[in-house]
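Quick notes on the structure that follows.
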Amino acid sequence: MEASPYFAGWRHCPRCGSERLELEGAEATCPDCGNKVHANPAPTASAIVLDDRVRVLLARRANDPGAGLWDLLGGFVDEGEEGLDALRRELREELGVEIEPGEFVGAFPDTYGDDGIYTLNLYWTAVIASGEPTPNEELEEIAWFAPDELPQREEFAFSNTVAALEAWGKGVRTGSSGK
């Protein structure tokens, strides 16, 4: 079995420095010290930010991956950070707003960047509790979209964003808008 891309570039055991690291699938094992490391996806926390007209706030990315393409707001969860804390922090950093998280929409796998880092992307609905959304330097622009006016699939930076919006959209069509 081929080693996970997570281990690309690994040549030494992270615990003892041995050069006899054995890579197989999603596991790296050091025969010298017994250390085992598992390849795990990096978690992200993102929001489907809604206004009182149930429009979705999207951001056009200023940087790669996906520069110039649309995305939902959010980012990577820091080590030891809870998902909703990461969600609030990311929206504060990206837009300068405080949010009120709503319903959990789902978890969607994907890859990120040229290295193909595996991610597990957690999505919640949210509303802005205070502040006026102003994009930071990571964002070219922000815009509100009605559910039936969202950009086309190919205009989004990541497939997980499309999957999250589709999952949320099913609730909108059945009367559960997530607000």
Side-chain angles (χ1 to χ4, degrees), residues 5-6 39-78 81-129 131-179:
Y6 177 88
N40 294 310
T44 72
S46 297
I48 299 174
V49 178
L50 305 170
D51 69 4
D52 58 354
R53 294 170 34 200
V54 194
R55 293 182 303 169
V56 177
L57 184 60
L58 297 178
R60 191 180 299 273
R61 296 175 61 85
N63 305 313
D64 280 327
L69 298 174
W70 291 106
D71 197 4
L72 288 165
L73 296 143
F76 287 98
V77 177
D78 291 339
E81 187 176 39
E82 299 224 2
L84 288 175
D85 292 338
L87 184 69
R88 289 181 183 96
R89 175 185 51 76
E90 285 289 339
L91 274 285
R92 198 175 306 116
E93 290 173 3
E94 292 181 341
L95 296 178
V97 298
E98 297 298 325
I99 60 158
E100 182 62 41
E103 294 178 8
F104 182 69
V105 176
F108 306 92
D110 207 345
T111 57
Y112 182 85
D114 291 338
D115 296 336
I117 298 168
Y118 289 101
T119 58
L120 183 60
N121 306 276
L122 311 173
Y123 282 92
W124 288 266
T125 60
V127 295
I128 296 173
E132 185 64 34
T134 305
N136 72 4
E137 68 281 352
E138 296 176 1
L139 308 174
E140 283 184 16
E141 68 174 307
I142 56 172
W144 293 97
F145 292 87
D148 60 346
E149 297 173 346
L150 291 168
Q152 298 297 310
R153 297 178 86 82
E154 60 275 4
E155 296 177 80
F156 283 99
F158 306 104
S159 64
N160 75 81
T161 302
V162 174
L165 285 167
E166 287 175 350
W168 168 76
K170 289 177 184 173
V172 170
R173 287 189 295 279
T174 62
S176 171
S177 69
K179 279 186 62 178

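Small disclaimer: the values here were computed from a predicted structure and weren't measured.
- Exactly one residue among L120, I117, T111, N121 makes a side chain to side chain contact (heavy atoms under 4.5 Å, CB included) with P41. That residue is L120.
- The two residues G74 and S46 have their closest heavy-atom pair at CA-OG, 3.7 Å.
- Between the E138 side chain and the E94 main chain, no donor and acceptor come within less than 3.5 Å of each other.
- For the pair P43/F76, no side-chain contact is recorded, criterion being any heavy-atom separation below 4.5 Å from C-beta on.
- At a threshold of 4.5 Å between non-hydrogen side-chain atoms, the residues L69 and R61 do not count as touching.
- Under the side chain to side chain contact (heavy atoms under 4.5 Å, CB included) test applied with V49, the options L91, V56, V97, T125 reduce to a single match, L91.
- One finds a salt bridge joining E98 and R92 here, because a Lys/Arg side-chain nitrogen approaches an Asp/Glu carboxylate oxygen to under 4.0 Å.
- L73 CG to I48 CD1: the interatomic distance, rounded to the nearest 0.5 Å, is 11.0 Å.
- Not one N or O on the side chain of N63 forms a donor-acceptor pair closer than 3.5 Å with the backbone of A67.
- Within the 4.5 Å cutoff, the side chain of Y123 has heavy atoms near those of the F108 side chain.
- Across all their heavy atoms, G83 and A45 have their closest contact at O-CB, 3.5 Å.
- When ring centroids are compared, F145 and W70 come within the 6.0 Å threshold.
- Residues L122 and W124 are in side-chain contact: their nearest non-hydrogen atoms beyond the backbone lie under 4.5 Å apart.
- In this structure, the separation between CG on L50 and CH2 on W168 is 5.5 Å, given to the nearest 0.5 Å.
- Using a 4.5 Å heavy-atom cutoff, the side chains of L72 and L58 are in contact.
- Side chain of E155 to backbone of Q152: a donor-acceptor contact under 3.5 angstrom is found.
- Other residues, nucleotides and ligands place more than 12 heavy atoms under 6.0 Å from the CG atom of D148.
- Salt bridge R89/E81: present, at least one basic N to carboxylate O contact under 4.0 Å.
- Residues F158 and P65 form a side-chain contact, since some pair of their non-hydrogen atoms from C-beta on lies under 4.5 Å apart.
- With contacts defined as side-chain heavy-atom distances shorter than 4.5 Å, the pair L57/I142 qualifies.
- Every side chain to side chain contact (heavy atoms under 4.5 Å, CB included) that V162 has, sequence neighbours left out, goes to R153, F156, E166.
- There is a side-chain donor-acceptor pair under 3.5 Å between D71 and T161.
- Heavy atoms of other residues, nucleotides or ligands lying less than 6.0 angstrom from CD of E82 number 12 at most.
- Residues V105 and A164 come closest through the heavy atom pair CG1-O, 3.7 Å.
- Looking only at side-chain heavy atoms (C-beta outward), R88 and P101 come within less than 4.5 Å of each other.
- Going from atom CG of L95 over to atom CG of L139 covers 6.5 Å, rounded to the nearest 0.5 Å.
- Put simply, the side chain of N160 never gets that close to the backbone of P109: no donor and acceptor are under 3.5 Å apart.
- To the nearest 0.5 Å, the span separating CG on D78 from CG on D85 amounts to 10.5 Å.
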